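Everything on this sheet refers to the single structure shown next.
So that the names make sense, note that chain A is the first sequence line, chain B the second, and so on, each numbered from 1. Model, not experiment: these values are computed from the prediction.
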Protein chains: 2
Amino acid sequence: MNTLFHKAKQNRVYEDVVNQIQTAILNGDIEPGSRLPAERTLCEMFQTSRGTLREALRILEQKSLIEIRLGASGGAYVKNANSELMAENLAMLIQSDSVSLEHLAEFRETLESTVSRLAAERASAVDCEELQILLDQAKHYRDKGISSWNDFVRVDEQIHMTIARISGNPLYNFILRSIHDNIHRYYDRFLEVSNIELEENYQDLVNITAAIADHDKNRAERLAREHVRRFSAYMETKKRDHISML
Amino acid sequence: MNTLFHKAKQNRVYEDVVNQIQTAILNGDIEPGSRLPAERTLCEMFQTSRGTLREALRILEQKSLIEIRLGASGGAYVKNANSELMAENLAMLIQSDSVSLEHLAEFRETLESTVSRLAAERASAVDCEELQILLDQAKHYRDKGISSWNDFVRVDEQIHMTIARISGNPLYNFILRSIHDNIHRYYDRFLEVSNIELEENYQDLVNITAAIADHDKNRAERLAREHVRRFSAYMETKKRDHISML
DNA sequence: TGACACTAATGGTCTAACCATTATAATGTT
DNA sequence: AACATTATAATGGTTAGACCATTAGTGTCA
């Protein structure tokens with residue numbers, strides 16, 4: 001069997017501590033937002049030294065299961081499920097050149113077109129209203145022109161994430177969020193836009209939203225794909241310009 | 001800005017140690033497979049205590065950047081980029097009920113159909129030969145019947161991952177691998193197959209491979225989607241049977 | 001030649017102390 | 001009374017030094 005079993009160490013004390021706490025968190029036995037006992041208290045509970053316990057806490061922190069705050073009323077606070085870990089993992093793959101920005105863009109094309117298609121199939125009236133409200137905000141910032149670009153981008157992103165939510169599959173949310181994080185992390189330094197891109201982007205959003213409201217899944221899929229492709233192509237151009245300028 | 005910046009702590013010593021080592025690994029300054037100096041040596045290099053250094057090592061280990069072995073000639077060995085972290089992240093999302101197995105199956109449908117389409121577009125003659133060799137192995141195990149199911153599954157998986165590789169986008173490899181890991185982790189306990197499934201599965205592989213060799217991207221995409229959907233539906237049935245039996 | 005014991009290098013754990021940060025309470029000032 | 005300041009105590013961050021457990025390599029002996 002290839003992947004069914006993983007090596008059976010489990011001799012290291014801190015791993016047992018990690019497992020116990022992680023299980024409690026994932027099972028929902030500990031509420032997100034609540035605080036674990038102080039380190040010295042946990043030491044007594046697990047009968048370990050502080051060093052060993054802290055190694056366990058470091059692991060849980062790296063897994064994004066807890067967040068550790070300093071000072072009085074500090075300690076280990078349980079976090080909600082989020083896309084941090086996935087985003088960091090992606091970032092490492094990019095930084096090690098195992099995955100290029102072009103690969104990322106191609107994958108994003110698949111994702112955005114898929115969620116748009118699903119959203120067109122599954123959107124309720126309430127979903128469409130929510131999209132419309134966001135679209136009105138986007139219109140507002142478009143009308144204010146290029147100076148509001150940052151605000152526009154924020155709404156643009158919200159619309160994308162809302163479409164992902166409407167798709168009904170939270171996995172798309174997590175992955176799309178982590179991809180957006182990385183696109184910003186690596187592309188924003190080349191970012192330089194004019195009113196043309198602003199207008200183009202806005203029109204794309206209008207069209208995609210309309211297609212979703214019409215439950216026209218094929219159109220929604222195609223428009224989303226084109227939207228992403230245009231954005232990626234534009235970014236690649238800018239990146240090349242930027243690099244050739246050096 | 002929403003995601004551009006992340007909190008600027010960097011007062012914790014072990015984080016600086018993590019950053020320095022991580023950067024060296026991701027930049028390729030340290031070869032995968034090579035060993036970092038012993039803990040006590042690293043302590044001198046970074047001018048930290050062993051406890052602090054070990055917290056840093058725990059984080060790097062959790063990030064799948066290093067692997068720590070015990071005993072003489074043990075220590076921290078640099079690992080290659082892999083899908084472990086992503087797989088573990090997915091597993092946590094599932095365990096916390098943030099993502100269901102149905103969500104996972106739907107996402108897999110998207111992925112497998114996309115990579116099959118891309119593979120049909122991009123497969124070289126050599127790629128097709130490689131697929132053919134794997135297909136011959138699959139045939140061998142099919143002919144031996146249900147007793148070789150495990151071997152058959154192993155080859156089946158290899159074929160899927162090879163198709164992902166042929167797609168030319170390593171991101172698909174990483175993500176698909178992590179999905180397969182989780183499908184096995186959660187579905188295998190319900191697994192119970194007959195010669196019918198074995199034969200069906202084999203025929204699917206034959207057809208998909210043929211479509212890729214023909215560069216018929218639409219057919220490859222459709223067949224892969226149907227293949228995954230059939231498998232998922234079958235697994236869901238088994239799961240329900242299993243649960244209702246309790 | 002093979003089985004066994006020894007050795008040394010390395011990670012794993014423990015203890016006990018002190019430093020740094022911060023929410024809260026106590027105190028002082030206007 | 002309201003606000004600013006200071007002290008307090010709880011909590012995580014770091015250090016030092018010791019000892020235990022595991023394991024590859026070496027040497028020894030039958």
Side-chain angles (χ1 to χ4, degrees), chain A residues 6-22 24-25 30-79 84, chain B residues 6-22 24-25 30-79 84:
Chain A
H6 15 348
K7 98 189 83 170
K9 304 183 196 171
Q10 182 57 321
N11 26 11
R12 309 199 268 192
V13 175
Y14 64 80
E15 286 203 337
D16 187 44
V17 174
V18 167
N19 284 335
Q20 287 194 48
I21 298 179
Q22 170 168 336
I25 293 175
I30 312 177
E31 283 295 306
S34 66
R35 208 198 69 174
L36 296 182
E39 289 185 355
R40 290 157 177 92
T41 312
L42 286 170
C43 289
E44 287 178 15
M45 295 166 69
F46 288 111
Q47 289 288 306
T48 67
S49 74
R50 239 186 115 200
T52 299
L53 181 94
R54 281 173 60 83
E55 292 190 30
L57 291 182
R58 286 288 86 73
I59 292 174
L60 292 166
E61 188 182 35
Q62 173 55 32
K63 287 187 180 193
S64 282
L65 288 170
I66 62 174
E67 172 195 348
I68 291 172
R69 301 188 203 141
L70 224 60
S73 77
Y77 287 80
V78 177
K79 296 214 293 188
E84 276 176 41
Chain B
H6 18 346
K7 100 188 81 167
K9 300 184 195 172
Q10 182 56 319
N11 25 13
R12 308 199 269 191
V13 176
Y14 64 80
E15 288 203 336
D16 187 44
V17 175
V18 168
N19 284 335
Q20 288 193 48
I21 298 179
Q22 171 168 338
I25 293 176
I30 312 177
E31 283 295 306
S34 66
R35 209 197 67 173
L36 297 183
E39 288 186 356
R40 290 154 176 95
T41 312
L42 287 171
C43 289
E44 286 178 15
M45 294 168 68
F46 289 111
Q47 287 290 305
T48 68
S49 73
R50 235 185 117 199
T52 299
L53 181 94
R54 281 174 61 83
E55 291 189 31
L57 291 182
R58 286 287 87 72
I59 293 175
L60 292 165
E61 187 182 35
Q62 174 54 34
K63 287 188 180 192
S64 284
L65 288 170
I66 61 174
E67 173 195 348
I68 291 173
R69 302 191 202 139
L70 223 62
S73 76
Y77 287 80
V78 177
K79 296 214 292 187
E84 276 177 40

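Between the CD atom of B:Q62 and the CG atom of A:L60 there is a distance of 8.5 Å, given to the nearest 0.5 Å. In this structure, B:I59 CD1 and A:E61 CD are separated by 6.5 Å, a value rounded to the nearest 0.5 Å. The structure places CG of A:L53 at 9.5 Å from CZ of A:R58, a figure rounded to the nearest 0.5 Å. Considering CD of A:E84 and CG of A:L65, their distance stands at 10.5 Å, rounded to 0.5 Å. Between the CD1 atom of A:I68 and the OH atom of A:Y77 there is a distance of 11.5 Å, given to the nearest 0.5 Å. Between the CD1 atom of A:I21 and the CD1 atom of A:I66 there is a distance of 6.5 Å, given to the nearest 0.5 Å.
Helix bend of the helix from C:dT1-D:dA30 to C:dT30-D:dA1: the angle between its two end axes, each built from five pairs, comes to 0° after rounding to 10°.
For the residue pair A:F46 and A:V17, the shortest heavy atom distance occurs at CE1-CG1, 3.9 Å.
Rounded to an integer number of Å, the gap from CD of A:E15 to P of C:dT13 is 9 Å. We find that CD of A:E39 is positioned 8 Å from C1' of D:dG13, with the value rounded to whole Å. For the pair B:L42 CG and C:dA9 P, the computed distance is 17 Å after rounding to whole Å. Remark: C1' of D:dT11 and CD of A:E61 are 15 Å apart, rounded to the nearest angstrom. Rounded to a whole Å, the CZ atom of B:R12 is 13 Å from the C1' atom of D:dT11. Distance, B:I68 CD1 to D:dT23 C1': 16 Å, rounded to whole Å. Taking atom CD of B:E67 as the reference point, atom C1' of C:dT10 lies 15 Å away to the nearest angstrom.
Residues from residues 69-78 of chain A with heavy atoms under 4.0 angstrom of DNA chain D, sorted by number: A:R69, A:L70, A:G71, A:A72, A:G74, A:G75. For the segment residues 43-55 of chain A, the set of residues with a heavy atom within less than 4.0 Å of an atom of DNA chain D comprises A:R50, A:R54, in numerical order.
Under a 4.0 Å N-O distance rule, the pair A:E39/A:R50 qualifies as a salt bridge.
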* A:R12 and A:E55: CA distance, side-chain angles, deciding distance, salt bridge (Lys or Arg N to Asp or Glu O under 4.0 Å) verdict -> CA-CA 11 Å; A:R12 309 199 268 192; A:E55 292 190 30; over 6 Å; no

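Interface remark: the A:R40 side chain does form a donor-acceptor pair with the D:dG12 base, using a distance-only criterion of under 3.5 Å.
Between A:R58 and D:dG13 there is a side-chain polar atom (N or O) within less than 4.0 angstrom of OP1 or OP2.
Side chains of B:E15 and B:N19: a donor-acceptor N/O pair is absent below 3.5 angstrom, by distance only.
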